[in-house]
Amino acid sequence: PSLTQNVSSDETQLLGRQIDRATNGAVRGRVLFTAVKKVFSVHHAYLTAAEKATLEAFYTTNFASSFDFLWTGDNVTYTVIFGEDDLKFTPAGGEVWETTVQLLQV
């Protein structure tokens, strides 16, 4: 669904690095994948009841599927899946809600 992304939304770049220490304490690093991937934390503030219902229906239908997502930070469309966290809605006063959704680039 096309819902407003609040300014507190953010993007994290995953480099695929894993840092370990050898038995003597020396640091060892390795790269697990070749392309940088992104994680989006998308905050939706002041969702109406209808927008909340739309997001819930979309999540229920697509929680295990990839889908296209337009990130307003750079106006690029990414293929993503929902992160491990389930939807959590917080009342924002009146009849509006807010939530933060984690999206992982495929």
Side-chain angles (χ1 to χ4, degrees):
S2 179
L3 301 172
T4 303
Q5 298 171 25
N6 192 275
V7 294
S8 62
S9 298
D10 60 41
E11 164 192 324
T12 303
Q13 294 189 359
L14 299 178
L15 302 174
R17 259 184 345 153
Q18 183 175 16
I19 305 298
D20 296 306
R21 291 203 176 264
T23 56
N24 67 356
V27 175
R28 305 276 190 237
R30 59 187 169 151
V31 178
L32 302 176
F33 43 91
T34 58
V36 174
K37 297 293 182 178
K38 297 183 179 188
V39 175
F40 302 98
S41 179
V42 183
H43 184 74
H44 299 292
Y46 309 112
L47 294 174
T48 65
E51 290 171 326
K52 178 181 178 277
T54 298
L55 181 56
E56 288 174 313
F58 184 82
Y59 180 82
T60 301
T61 304
N62 298 286
F63 73 91
S65 304
S66 62
F67 54 93
D68 290 338
F69 163 70
L70 175 63
W71 174 237
T72 58
D74 58 11
N75 287 322
V76 173
T77 298
Y78 296 90
T79 301
V80 297
I81 61 170
F82 284 106
E84 295 179 19
D85 295 337
D86 292 326
L87 289 182
K88 176 184 173 186
F89 293 96
T90 304
E95 295 183 19
V96 294
W97 302 84
E98 65 180 274
T99 188
T100 300
V101 179
Q102 184 183 56
L103 302 174
L104 311 173
Q105 184 182 10
V106 176

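The figures here come from the full heavy-atom set of this structure, side chains too, leaving out hydrogens, waters and symmetry mates.
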Could you pull out all residues at least two apart from Thr79 that satisfy side-chain hydrogen bond (donor to acceptor under 3.5 Å, both in side chains)?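 Expected list: Asp68.
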
Exercise: identify the closest heavy-atom pair between [X] and [Y]:
X	Y	answer
Glu84	Gln102	N-OE1, 3.7 Å
Ile81	Ser65	CG2-O, 3.8 Å
Lys38	Gln13	CE-NE2, 4.1 Å

Would a distance-only check, ignoring hydrogens and angles, find a side-chain to backbone donor-acceptor pair under 3.5 Å from Glu51 to Pro1? no

Does Lys88 use its side chain to pair, donor to acceptor, with the backbone of Thr99 at less than 3.5 Å? no

Does the pair Ile19 and Val27 meet the rule for a side-chain contact (heavy atoms from CB on, under 4.5 Å), with working shown? CA-CA 7 Å; Ile19 305 298; Val27 175; 3.7 Å; yes

Any chance you could measure [X], atom [atom1], to [Y], atom [atom2], to the nearest 0.5 Å?
X	Y	atom1	atom2	result
Thr100	Asp85	OG1	CG	10.0 Å
Tyr46	Thr4	OH	OG1	12.0 Å
Glu95	Lys52	CD	NZ	12.0 Å
His43	Glu98	NE2	CD	4.0 Å

Grouping I, L, V, M, F, W and Y whenever their side-chain heavy atoms are under 4.5 Å apart, do Phe33 and Val106 come out in a common cluster? yes

Transitive ILVMFWY cluster of Leu3 at side-chain heavy atoms under 4.5 Å: who else is in it?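 Via sub-4.5 Å side-chain contacts, Leu3 links to Phe40, Val42, Leu47, Leu55, Phe58, Tyr59, Phe63, Phe67, Phe69, Trp71, Val76, Tyr78, Val80, Phe82, Leu87, Phe89, Trp97, Val101, Leu103.
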
What pairs meet the side chain to side chain donor-acceptor pair (under 3.5 Å) rule with one or both residues in residues 16-32, with sequence neighbours excluded? Gln18-Arg30

